[in-house]
Amino acid sequence: MKVVMIGTGYVGLVSGACFADFGHEVTCIDKDAQKIEKLRNGEIPFFEPGLENLVASNIRWNRLSFDADPTKAVRNADAVFIAVGTPTRSDDGSADLSYVEGAAREIAGMIDAFTVVVNKSTVPVGTGDKVEALMRNERPDGDFAVVSNPEFLREGSAIYDFKHPDRVIVGTDNEQAMEVMRELYRPLYLNETPILFTKRRTAELAKYAANAFLATKITFINEIADLCEETGADVQQVAHAIGMDGRIGRKFLHAGPGFGGSCFPKDTLALAKTANQYGTPMEIVEAVVRANEQRKLRMAEKVIKACGGSIAGMRLAVLGLTFKQNTDDMRDAPSLTIIPALQRAGAKITAYDPQGMAAAKNLLQDVVYADDPFAAIDGADALVVVTEWDQFRALDLSRIKKALKKPVIIDLRNIYSPEEMATHGFHYVSIGRPTINVKA
Ligand code: UDX
């Protein structure tokens, strides 16, 4: 099939490369001509494990190409995906649809034979209707169907998630469009991936419902973690125990410094906004947004407490800046709230992150960036782990102890074992787990 992907951001580029890898002929479009030139040379604008190789091999096989001008590719396409950004509007928290609408208008003028216009961007319920109406307005004679096909991939494991989804959701009533979508995802049928056909509005809402539910699950376990800290219970064992209940499930019960990233913060806000507009406020989602914001600030208080009540004049080593591991994405990363709060309390920060430092430099002030974990830790008063990069899990603990001025570690991701840390003589504070007294 001939596929066009409008937008070479995260979702667009990963989806485009994966569809090409399925054997389809894919053209990725972006207005930014420089970006297109770089992509043609195999340069990926962000870090995602495996993506560079996937793009390079599909360029080599002539299944993947890039263009700043969509005209030719759209004219020949069976399906045109809209995968542009839907950022949060600064005035009211709703999703800004101007890029989606702009793309739809542009496509409308180019469509030739029957084309499925697939919305992959996360858009509020009812956007498909709007897109269809504005395209119809541009092209009363146009032969097209507008379909919703939300994407559920996670940064850091995006290629795996695209190729092994729990389900594919396709929102349309149009039989011809269903056929095209079935054909596009046919390689997944072989893995027995369920493809769920729904009404368009259902598909749109399902995406927000999924993200808000997951964000709620994380926020719930984070609050349980706080209670564990006060009562001497262990949140990891609580999560394990409740996760064994099939109705609850084990995933997304890892307590931490609060969720971040490009989706959960934006989508919970937008869902709450939509619900208010329809007169059915979602108090749970609103509480999740509030609790998550407060949590990030409370993480700084936790660090201060672990350091004896004041960090004025101290130097703290921070390991991990990105919102989670295996990405260079700093969007809504907890570090962006925690570090300035620590600085306001008088600490100097030396930080290391395997992928996030370039982006962090534009977002954080007065941070000294280190070339490796030990360069950050050396001579610091305490170590704070903010992101759970695998490479931090196996650091030499004896060397950390020697490098730190005081043996204090605050681990906001629970990557170490409290028992082991006590054995090594660390004052070790983690999330929702009892602090074990240092062994003599
Ligand atoms: C998420 C959704 O998982 C994905 O389906 C959707 O398409 C986009 O948003 P992503 O933002 O890439 O993906 O990351 P995810 O792995 O879901 O983590 C989101 C945030 O929640 C991160 O800050 C992560 O650290 C946090 N998290 C996740 C927890 O704190 N605990 C958990 O148990 C899981």
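In this chain, numbering begins with 1 at the start of the sequence shown. Note that ligands are numbered from 1 as they come in the structure, with each ligand's atoms numbered from 1 the same way.
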Is Asp226 salt-bridged to Arg295, going by a charged N under 4.0 Å from an acidic O?
yes
Applying a strict 4.0 Å limit to heavy atoms, is Ser262 in contact with ligand 1?
no
Where's the contact between Arg413 and ligand 1, heavy-atom distance under 4.0 Å: side chain, backbone, both or neither?
side chain
Identity and distance of the protein heavy atom lying nearest atom 23 (O) of ligand 1
Gly260 N, 2.9 Å
Under 4.0 Å from one or more heavy atoms of Lys207, ligand 1 contributes atoms 6 (C), 7 (O)
For Cys263, the ligand 1 atoms whose distance to one of its heavy atoms is below 4.0 Å
8 (C), 9 (O)
How far is atom 30 (O) of ligand 1 from its nearest protein heavy atom, and which residue and atom name does that atom have?
Ile218 CG2, 3.5 Å
Can you check whether Leu214 has an N/O within less than 3.5 Å of an N/O in ligand 1?
no
Considering only heavy atoms from C-beta outward, does the side chain of Glu388 approach that of Lys324 to under 4.5 Å?
yes
What protein heavy atom sits nearest atom 1 (C) of ligand 1, and how far off is it?
Phe264 CE2, 3.6 Å
Report yes if some heavy atom in the side chain of Tyr208 is under 4.5 Å from a heavy atom in the side chain of Thr122; otherwise report no.
yes
Honestly, for Asn211 the part within reach of ligand 1 (heavy atoms, under 4.0 Å) is side chain
What's the shortest distance from atom 13 (O) of ligand 1 to any protein heavy atom, and which residue and atom give it?
Arg154 CG, 3.6 Å
How close does the nearest protein non-hydrogen atom get to atom 33 (O) of ligand 1, and which residue and atom is it?
His254 N, 2.9 Å
Using the ring of each side chain (for Trp, its six-membered ring), is Tyr160 parallel, tilted or perpendicular to His164, with breaks at 30° and 60°?
parallel
Tell me, with the steps shown, if Glu293 and Arg290 meet salt bridge (Lys or Arg N to Asp or Glu O under 4.0 Å).
CA-CA 5 Å; Glu293 278 312 305; Arg290 263 197 320 275; over 6 Å; no
Which bit of Leu253 gets closer than 4.0 Å to ligand 1, counting heavy atoms only: side chain, backbone, both or neither?
backbone
Can you tell whether the side chains of Glu204 and Arg201 come within less than 4.0 Å, N to carboxylate O?
no
Around atom 4 (C) of ligand 1, find the nearest protein heavy atom and jot down its residue, atom name and distance.
Phe152 O, 3.3 Å
If you measure every N/O of Glu155 against every N/O of ligand 1, is any gap under 3.5 Å?
yes
Would you say Gly258 and ligand 1 have an N/O pair spaced under 3.5 Å apart?
no
Heavy-atom pairs closer than 4.0 Å: do any link ligand 1 to the side chain of Gln325, the backbone, both, or neither?
neither
When the ring planes of Phe392 and Tyr352 are compared, do they come out parallel, tilted or perpendicular, using 30° and 60° as the limits?
perpendicular
Enclosure of Lys217 NZ (heavy-atom neighbours >12, cutoff 6.0 Å):
yes
State, with a plain yes or no, whether a side-chain heavy atom of Leu39 is found less than 4.5 Å away from one of Leu13.
yes
Which of the numbered atoms in ligand 1 are under 4.0 angstrom from any heavy atom belonging to Glu151?
7 (O)
For atom 11 (O) of ligand 1, closest protein heavy-atom neighbour
Phe323 CE1, 3.6 Å
Does any non-hydrogen side-chain atom of Phe81 lie less than 4.5 Å from one of Phe19?
yes
Contact partition for Lys324 relative to ligand 1, non-hydrogen atoms under 4.0 Å
side chain
Just say parallel, tilted or perpendicular for the rings of Phe162 and Phe22, cut-offs at 30° and 60°.
tilted
Is the charged tip of Arg167 near the ring of Phe152: under 6.0 Å from the six-membered ring centre and within 45° of its axis?
yes
